[in-house]
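Note that the structure is a prediction, hence the values are computed from the model and not measured. We name chains A, B, ... by the order of the sequence lines, and we start the count at 1 in each one.
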Amino acid sequence: MSVVKHIQAAVNISLTKIFNQPFTEKDYQINQIKEDFKGDYSIVLFSLLKKTGLSPKELGDKLVDYLKRDYQNLFSGFELIKGFLNVEINDVFWLEILPAASNENFGSQQPSGRKSMVEYASPNTNKPLHLGHLRNIFLGWSVAEILKANGNEVFKTCIVNDRGIHICKSMIAWLRFGGGETPQSSGIKGDHLVGKYYVKFNEIYKAQIADLEQGGMSTPEAEKEAPIMLEAQQMLLDWETGKPDIIELWKKMNGWVYAGFDETYKQTGSDFDKTYYESETYLLGKEIVQMGLDKGVFYKKQDGSVWIDLTAEGLDEKLVLRKDGTSVYITQDIGLALQKYQQFGIDENIYVIGDEQNYHMKVLKLICQKLNIPNADNIFHLSYGMVELPSGKMKSREGTVVDADDMISEMISTAEKHTTALGKTAGFNEEELKALFHTLGLGAMKFYLLRVDPKKRMIFNPEESIDFHGFTGPFIQYTHARIKSIIRKAGEIPPLASCTQPLLPQEKTLAITIEQFPVVVQQSAAELNPSFLANYIYQLAKQFNSFYTDLSVLNAESEEKKILRLHFSVITAQVLKKGLNLLGISAPERM
RNA sequence: GGUCCGGUAGCUCAGCUGGAUAGAGCAUCAGCCUUCUAAGCUGAGGGUCAUUGGUUCGAAUCCAAUCCGGAUCACCA
């Protein structure tokens with residue numbers, strides 16, 4: 001039970017006794033106290049004045065009488081300022097937290113029996129991953145870990161968009177202009193190679209449009225008639241009819257892309273329990289449409305197309321099956337939603353997808369609910385904002401897309417530069433150094449992308465790049481490494497004895513923050529928002545650094561304090577490490 | 001145009017289930033390494049919380065309107 005809950009219980013019971021009517025924590029608020037005031041937590045009395053008919057002073061005095069009398073173990077001090085009853089928590093209470101916090105499961109919950117699926121990454125196979133994908137991947141991975149910490153069984157999944165006109169564009173360009181180039185022959189990573197031909201396609205396409213316009217054709221007409229586009233469309237038809245040489249080419253080029261993606265995933269430390277391919281799922285959902293028709297959820301227009309009317313929900317009419325009977329994007333999503341449930345028995349189904357699909361996801365959920373797909377109420381869209389450049393959106397046409405692989409290697413070499421400049425890595429062998437640079441580079445990048453509220457779009461400045469000081473991953477990693485250094489020097493750490501000297505402010509601050517860790521983990525899970533955790537571990541690291549500067553651990557003023565501070569150190573390191581890990585970031589022992 | 005999201009320091013972001021004097025980092029300036037790793041610590045300057053009105057004892061936070069920015073409203077995915 002958290003400190004706040006203890007305070008609430010004490011206040012509820014006292015108020016109920018005093019006024020002879022029930023009170024709950026909903027009747028008032030408890031805040032952590034601001035720095036300049038004395039005490040640890042503040043009970044805000046204003047909202048109680050009406051119900052009790054007393055002035056802040058009268059109510060405060062009365063409440064203090066009861067709390068003082070009945071809860072002397074919990075409270076060690078009171079101060080009433082205006083309508084704020086500031087309470088100080090007994091040192092004993094904070095000390096009691098330490099053993100529980102030392103447990104390596106601190107912050108995690110008991111198994112909940114809930115099964116969650118987190119779908120993330122979900123790339124197209126026509127070009128390499130970019131910075132936006134990284135935000136997606138880091139979010140998805142982290143949320144999955146956070147849900148695990150909350151006791152859920154989690155399945156990470158990825159739906160690969162491996163079919164459609166976009167991949168045909170790369171294919172046709174490669175066929176016409178590739179000269180048999182392969183990743184092996186060119187030394188280019190597979191996804192980049194395929195991306196190169198996607199770009200090539202667009203160049204040719206643009207040139208052909210210009211030519212046609214020269215010949216007097218209108219722009220829309222030219223866009224339709226450009227030979228290379230016609231070829232790509234023909235190829236899509238051939239793919240759909242299963243023409244062997246097209247299928248073979250498609251498999252070959254997608255294979256290159258997968259090998260490339262796998263390498264990137266490996267670099268980022270992400271993985272999936274189950275990968276779905278659209279080429280295998282795009283036909284799903286047709287039966288469901290029939291079922292929906294029977295139920296009257298959908299209706300058929302005269303031309304044979306099938307629709308759902310969502311105008312009552314404030315949305316539009318939405319097509320779910322074309323007049324020629326083929327499925328559209330949402331059809332397969334409905335099918336896949338059901339399949340996910342059937343295969344994994346999931347209680348909740350989370351989609352990490354950019355906010356440009358907010359509408360689509362709203363529609364998807366509504367349709368699933370209307371069709372009574374099990375647990376459709378627990379379809380959640382973890383919607384995140386675009387990553388933009390100071391100049392605006394990333395545009396592939398203008399070559400301003402920040403490539404994921406470039407970004408990663410740049411971060412790693414920046415980490416190397418910083419580390420080398422500081423010259424603290426005596427005793428590292430080459431392999432350890434390499435691992436360290438990777439840990440720090442990725443840590444900086446992940447933290448940078450995860451510390452921001454997912455739903456907000458964020459601006460990435462390539463010029464200033466990602467920092468290693470201040471509110472960053474390496475700052476926290478550094479704090480962790482410094483603590484570990486102390487612990488190594490301390491040797492065997494004696495168990496916590498009784499503490500006779502009062503807690504110093506720097507010690508108490510740590511205790512208060514550490515105590516909140518499980519609540520933060522729960523909150524991050526409930527809101528599907530890792531940024532809470534990022535902010536939290538930053539705050540803890542900062543507080544520890546002050547503690548570290550102001551107080552000595554190994555040369556503490558007494559043996560008792562030394563042991564106490566060692567325990568604080570061990571626990572802080574553990575919480576920092578666990579917090580970082582939940583963000584997908586490793587905590588180095590030395591740096 | 002309809003719907004949805006956002007607007008907080010020069011820049012990037014917290015705070016938004018209403019509470020005390022709106023906080024961090026970066027950048028700028030001034031200090032701190034004979035003592036556990038200075039990727040650190042301490043301090044200073046920097047704000048019309050987009051605007052206006054409303055609700056309230058109390059509003060950055062809730063409501064309404066307006067302005068600005070973005071997304072979306074395909075027989076694309």
Can you tell me the distance, in whole Å, between the [atom1] atom of [X] and the [atom2] atom of [N]?
{"X": "A/His418", "N": "B/G40", "atom1": "NE2", "atom2": "P", "result": "11 Å"}
{"X": "A/Leu540", "N": "B/A24", "atom1": "CG", "atom2": "C1'", "result": "15 Å"}
{"X": "A/Lys542", "N": "B/G23", "atom1": "NZ", "atom2": "P", "result": "12 Å"}
{"X": "A/Ile476", "N": "B/G25", "atom1": "CD1", "atom2": "P", "result": "13 Å"}
{"X": "A/Phe468", "N": "B/G25", "atom1": "CZ", "atom2": "P", "result": "19 Å"}
{"X": "A/Asn358", "N": "B/C5", "atom1": "CG", "atom2": "P", "result": "9 Å"}

Which value, in whole Å, describes the distance between the [atom1] atoms of nucleotides [N] and [M]?
{"N": "B/C63", "M": "B/U21", "atom1": "P", "value": "24 Å"}
{"N": "B/G58", "M": "B/A20", "atom1": "C1'", "value": "10 Å"}
{"N": "B/C62", "M": "B/A24", "atom1": "P", "value": "23 Å"}
{"N": "B/U55", "M": "B/U61", "atom1": "P", "value": "15 Å"}
{"N": "B/A50", "M": "B/C57", "atom1": "P", "value": "25 Å"}
{"N": "B/A14", "M": "B/C26", "atom1": "C1'", "value": "15 Å"}
{"N": "B/G53", "M": "B/A44", "atom1": "P", "value": "34 Å"}
{"N": "B/G7", "M": "B/U12", "atom1": "P", "value": "13 Å"}

Got a sec: does the NZ of A/Lys301 have more than 12 other heavy atoms crowding it under 6.0 Å?
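Atom NZ in A/Lys301 is packed in, count exceeds 12.
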Could you check whether atom NZ of A/Lys51 has more than 12 heavy atoms from other residues, nucleotides or ligands sitting under 6.0 Å from it?
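Yes, enclosed.
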Which nucleotide in the set B/A24, B/C5, B/G40 lies at the smallest distance from any side-chain heavy atom of A/Lys455?
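In terms of side-chain proximity for A/Lys455, the closest of B/A24, B/C5, B/G40 is B/C5.
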Considering only B/G25, B/A20, B/C5, which nucleotide approaches the side chain of A/Tyr538 most closely?
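Selected nucleotide: B/G25.
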Do any pairs count as a ring pair (Phe, Tyr, Trp, His ring centres under 6.0 Å) and have a residue in residues 31-53 of chain A, sequence neighbours left out, and if so which ones?
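The answer is A/Phe46-A/Phe84.
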Could you check whether [Y] and [X], counting side-chain N and O atoms only, form a donor-acceptor pair closer than 3.5 Å?
{"X": "A/Thr513", "Y": "A/Gln543", "result": "yes"}
{"X": "A/Ser279", "Y": "A/Asp162", "result": "yes"}
{"X": "A/Asn12", "Y": "A/Thr24", "result": "no"}

Name the orientation of the base relative to the sugar in B/C33: syn if the glycosidic angle is within 90° of 0, else anti.
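Syn, since the glycosidic angle lies within 90° of 0.
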Using side-chain hydrogen bond (donor to acceptor under 3.5 Å, both in side chains) as the criterion, list what pairs up with A/Glu356, not counting sequence neighbours.
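Residues passing side-chain hydrogen bond (donor to acceptor under 3.5 Å, both in side chains) with A/Glu356: none at all.
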Parallel, tilted or perpendicular: which one describes the rings of A/His360 and A/Tyr329, with boundaries at 30° and 60°?
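It falls in the parallel class, under 30°.
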Can you tell whether the side chains of A/Glu388 and A/Arg457 come within less than 4.0 Å, N to carboxylate O?
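Answer for the salt bridge query: yes.
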Going by an N to O cut-off under 4.0 Å, is there a salt bridge joining A/Lys455 and A/Glu527?
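Result for this pair is no, no salt bridge flagged.
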As a check on the pairing definition, encode RNA chain B in dot-bracket form, counting Watson-Crick and G-U wobble pairs whose two distances are under 3.5 Å, and using | for partners outside this strand.
((((((((.[[[[.)...(...]]]].(((((.......))))).....[[[[[..)....]]]]])))))))....
Write down the atom of A/Ala415, the atom of A/Thr419, and the distance for their closest heavy-atom approach.
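For A/Ala415 versus A/Thr419, the nearest heavy atoms are O-OG1, 2.6 Å.
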How far apart are the closest heavy atoms of A/Ala121 and A/Ile137, and which atoms are they?
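Shortest heavy-atom contact: CB-CG1, 3.8 Å.
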Base, sugar-phosphate, or nothing for [X], non-hydrogen atoms under 4.0 angstrom?
{"X": "A/Ile33", "value": "base"}
{"X": "A/Asn86", "value": "base"}
{"X": "A/Ser383", "value": "nothing"}

Please assess A/Glu507 against A/Lys561 for the test side-chain contact (heavy atoms from CB on, under 4.5 Å), listing each intermediate value before the final yes or no.
CA-CA 10 Å; A/Glu507 295 163 343; A/Lys561 278 291 187 190; 2.8 Å; yes
Any N/O pairs under 3.5 Å between the protein and nucleotides 58-64 of chain B? List them or say none.
none

Residue list, ring-ring contact (aromatic ring centres under 6.0 Å, His included) with [X], at least two apart or on another chain:
{"X": "A/Phe298", "result": "none"}
{"X": "A/Phe23", "result": "A/Phe19"}
{"X": "A/Phe460", "result": "A/Tyr448"}

Heavy atoms under 4.0 Å is the rule here; annotate [range] 5' to 3' with B where the base is hit, S where only the sugar-phosphate is, and - elsewhere.
{"range": "nucleotides 8-19 of chain B", "result": "----SSSSB-SB"}
{"range": "nucleotides 72-77 of chain B", "result": "SS-BSB"}
{"range": "nucleotides 28-37 of chain B", "result": "-------SBB"}

Would you please name every residue forming a salt bridge (charged side-chain N to carboxylate O under 4.0 Å, His left out) with A/Lys417, sequence neighbours left out?
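Once residues adjacent in sequence are excluded, A/Lys417 has no partner under the salt bridge (charged side-chain N to carboxylate O under 4.0 Å, His left out) criterion.
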With A/Lys340 via side-chain contact (heavy atoms from CB on, under 4.5 Å) - residues at least two apart
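Testing A/Lys340 for side-chain contact (heavy atoms from CB on, under 4.5 Å), a comparison that skips the adjacent residues, returns A/Met117, A/Glu119, A/Thr157, A/Tyr276, A/Leu336, A/Ile346, A/Asn349, A/Tyr351.
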